[in-house]
Student: 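Right, I'll just put the structure down here and ask away after.
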Amino acid sequence: MIRLSILTLTAALSMGLAAPSYAVLIFSPGGSQGVTSDTVFGGQLVGPDFVVGGVGFNQPGNNWPGGEPPESAIDGVGQKYLNFGEENTGIVVTPAHGISVASSITFYNANDAEERSPRGFELWGSDAILGVSSFALSDFTLIANGPVNLPAGTNPGGNSALGSNFETIEFANEAPYTSYMILFPDLNQNQGGFGDANSMQISEIVLEGNLVPEPSTSLLALFGGLFLFRRRR
């Protein structure tokens, strides 16, 4: 008779769910302007909600030019995302892969106007977000926040490579999430010699960590078989 303890079963299932030990891309860059397989919303934090914006040129306002949409923040090329709402603007992303554990984030300067670049960031995670026009901040958990100190200089725009002016920020986190919110509460404007800005802009946001795979079919079958075996004893 073959006996399998609960401890052994738990270990087996854990092997099927374990994330890789090396960091990989969580967002899915498409390699061309505004292309990604992830679901992306651009917007601005207004009170307790992240309000989704749209295409437009209202200044100030929670909107962006048609050629500089939120998707450009994670497309893997130099084209930027710009939001005329300025502070507390950002994106909400639901990666196509599913569950992941974030451990670092990288920001790339855009192609001009460094006064528009973020000076601070907040990274939030959620297991379930509801709505398409706004998202409640209470549905998210703060993962990491702090200053952004991008090096001086701009990067190429358009479908070019991302460039060399970037900053990577690592943080401790073990919690898995299915969606992420990145906010920029502060900009370079009117600080450290920078002038006024009419918008927030970022060329690229790269989130890295571990992807959490789905349980393998064989392990799920094993679990089901053991359940039936115990019931028939």
Side-chain angles (χ1 to χ4, degrees), residues 22-38 40-43 53 55 57 63-93 95-97 100 102-123 143-171 180-209:
Y22 53 89
V24 298
L25 295 177
I26 291 177
F27 297 157
S28 303
S32 60
Q33 182 177 331
V35 176
T36 175
S37 60
D38 300 338
V40 185
F41 294 96
V55 176
F57 286 89
N63 57 109
W64 49 82
E68 298 170 349
E71 291 82 1
S72 291
I74 63 169
D75 58 5
V77 295
Q79 182 64 13
K80 68 190 177 188
Y81 161 48
L82 182 148
N83 193 312
F84 289 115
E86 301 182 32
E87 286 89 353
N88 287 314
T89 56
I91 56 174
V92 171
V93 183
H97 171 81
S100 58
S103 58
S104 73
I105 192 166
T106 300
F107 303 108
Y108 282 80
N109 269 342
N111 63 323
D112 62 3
E114 293 176 66
E115 64 272 12
R116 303 173 183 168
S117 296
R119 192 178 181 88
F121 84 101
E122 296 176 357
L123 173 65
I143 301 172
N145 65 332
V148 176
N149 297 298
L150 283 162
T154 60
N155 289 318
N159 284 321
S160 61
L162 293 176
S164 58
N165 294 306
F166 63 89
E167 180 187 16
T168 298
I169 301 168
E170 297 181 345
F171 46 83
Y180 295 93
M181 177 190 297
I182 298 102
L183 296 174
F184 299 115
D186 303 300
L187 306 179
N188 278 341
Q189 66 172 339
N190 301 321
Q191 302 182 61
F194 290 102
D196 194 22
N198 67 351
S199 58
M200 180 284 299
Q201 66 180 27
I202 192 74
S203 174
E204 191 77 6
I205 303 169
V206 179
L207 190 66
E208 291 187 290

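Side chains are part of it too, since the values below use all heavy atoms of this structure and drop only hydrogens, waters and symmetry mates.
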Student: We want to know whether S100 and Y180 form a side-chain donor-acceptor pair, criterion being a heavy-atom distance below 3.5 angstrom.
Tutor: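 Per modelled atom types, S100 and Y180 side chains form a pair under 3.5 Å.
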Student: Which heavy atom of L123 sits nearest a heavy atom of L207, and at what distance?
Tutor: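 Shortest heavy-atom contact: CD2-CD1, 3.9 Å.
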Student: Report yes if the side chains of S203 and Y81 come closer than 4.5 Å at any heavy-atom pair, otherwise no.
Tutor: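 S203 vs Y81: side chains apart.
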Student: Could you grab the distance from atom CG of N159 to atom OG of S72, nearest 0.5 Å is fine?
Tutor: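 The CG atom of N159 sits 9.0 Å away from the OG atom of S72.
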Student: How long is the gap from OG1 on T89 to CD1 on I202, to the nearest 0.5 Å?
Tutor: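 The OG1 atom of T89 sits 10.0 Å away from the CD1 atom of I202.
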Student: Are any of the side-chain heavy atoms of I74 and V40 separated by less than 4.5 Å?
Tutor: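 Yes; the side chains approach each other to less than 4.5 Å.
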Student: Decide whether E115 and N190 meet the rule of one side-chain donor and one side-chain acceptor closer than 3.5 Å.
Tutor: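 N190 and E115 do not have a side-chain donor-acceptor pair below 3.5 Å.
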Student: With rounding to the nearest 0.5 angstrom, report the CG to CG distance, N188 to L150.
Tutor: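 The CG atom of L150 is 7.5 Å from CG of N188, to the nearest 0.5 Å.
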Student: Applying side chain to side chain contact (heavy atoms under 4.5 Å, CB included) to F171 and I143, what does each step give before you reach the verdict?
Tutor: CA-CA 8 Å; F171 46 83; I143 301 172; 3.7 Å; yes
Student: Treating E167 as the side-chain partner and N149 as the backbone partner, does any N or O pair qualify as donor plus acceptor under 3.5 Å?
Tutor: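 Checking the backbone N and O of N149 against the side chain of E167, a donor-acceptor pair under 3.5 Å is found.
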Student: Return the CD to CG distance between E86 and D186, rounded to the nearest 0.5 Å.
Tutor: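 The distance works out to 12.0 Å.
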Student: Give me the atom names and distance for the closest heavy-atom approach of A152 to E114.
Tutor: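 The pair with the smallest heavy-atom distance is CA-OE1, 3.5 Å.
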Student: Which distance, rounded to the nearest 0.5 Å, do you find between the NE2 of H97 and the CD1 of I26?
Tutor: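 So the gap between those two atoms works out to 9.0 Å.
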Student: Is the backbone N or O of E71 less than 3.5 Å from a side-chain atom of T36, with the two atoms forming a donor-acceptor pair by type?
Tutor: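 Not at all, since once roles are kept as given, no pair shorter than 3.5 Å links the two residues.
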Student: Between N83 and W64, is there a donor-acceptor pair closer than 3.5 Å when you use the side chain of the first and the backbone of the second?
Tutor: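 A pair under 3.5 Å: no.
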Student: Under a 3.5 Å cutoff, is there a donor and acceptor pairing between the side chains of D38 and S28?
Tutor: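 The answer is yes; a qualifying pair exists.
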Student: Once you measure the plane-to-plane angle for F184 and F107, does it fall in the parallel (<30°), tilted (30-60°) or perpendicular (>60°) bin?
Tutor: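 Rings of F184 and F107: perpendicular, as their planes differ by over 60°.
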Student: Is there a side-chain contact between I105 and I182, using heavy atoms and a 4.5 Å cut-off?
Tutor: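 Yes, close enough: below the 4.5 Å cut-off.
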Student: I'd like to know if the side chain of Q79 reaches the main chain of G67, judged simply by a donor and an acceptor atom lying under 3.5 Å from each other, with no hydrogens or angles considered.
Tutor: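 Such a contact is found between Q79 side chain and G67 backbone.
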Student: Just by distance, no angles: are the side chains of N109 and S117 close enough, under 3.5 Å, to form a donor-acceptor pair?
Tutor: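 There is such a pair (donor and acceptor under 3.5 Å, judged by atom type) between the side chains of N109 and S117.
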Student: Using modelled atom types and a 3.5 Å cut-off, is there a donor and acceptor pairing between side-chain atoms of E204 and backbone atoms of G78?
Tutor: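 Looks like no, no N/O pair under 3.5 Å.
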Student: Over all heavy atoms of both residues, which pair between F27 and I205 is shortest? Give the atoms and the distance, please.
Tutor: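 Of all heavy-atom pairs spanning F27 and I205, the closest is CD1-O, 3.7 Å.
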Student: Considering non-hydrogen atoms only, spot the tightest contact between K80 and D112 and give its length.
Tutor: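 That closest heavy-atom pairing would be NZ-OD1, 2.9 Å.
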Student: With a 3.5 Å distance limit and no angle check, can you tell me whether D75 reaches the backbone of G34 through a side-chain donor-acceptor pair?
Tutor: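 At least one qualifying donor-acceptor pair exists.
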Student: Assess whether side chain to side chain donor-acceptor pair (under 3.5 Å) is satisfied between N111 and Q201, documenting all intermediate values.
Tutor: CA-CA 9 Å; N111 63 323; Q201 66 180 27; 4.8 Å; no
Student: First locate atom CG of L82, then atom CD of E68, and finally report the distance between them rounded to the nearest 0.5 Å.
Tutor: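 Answer rounded to 0.5 Å: 5.0 Å.
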Student: Do you know which two heavy atoms are closest between A197 and Q189, and how far apart they sit?
Tutor: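 Between these two residues, the closest heavy atoms are N-OE1, 2.8 Å.
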Student: Just wondering, are more than 12 heavy atoms of other shown residues or ligands nearer than 6.0 Å to CD in Q191?
Tutor: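 Yes.
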Student: Grab the two heavy atoms, one from P118 and one from L187, that are nearest each other, plus how far apart they are.
Tutor: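 That closest heavy-atom pairing would be CA-CD2, 4.1 Å.
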Student: Counting N and O atoms only, with roles assigned by atom type, does the side chain of N145 sit under 3.5 Å from a partner on the main chain of F121, one being a donor and the other an acceptor?
Tutor: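 No: the side chain of N145 does not pair with the backbone of F121.
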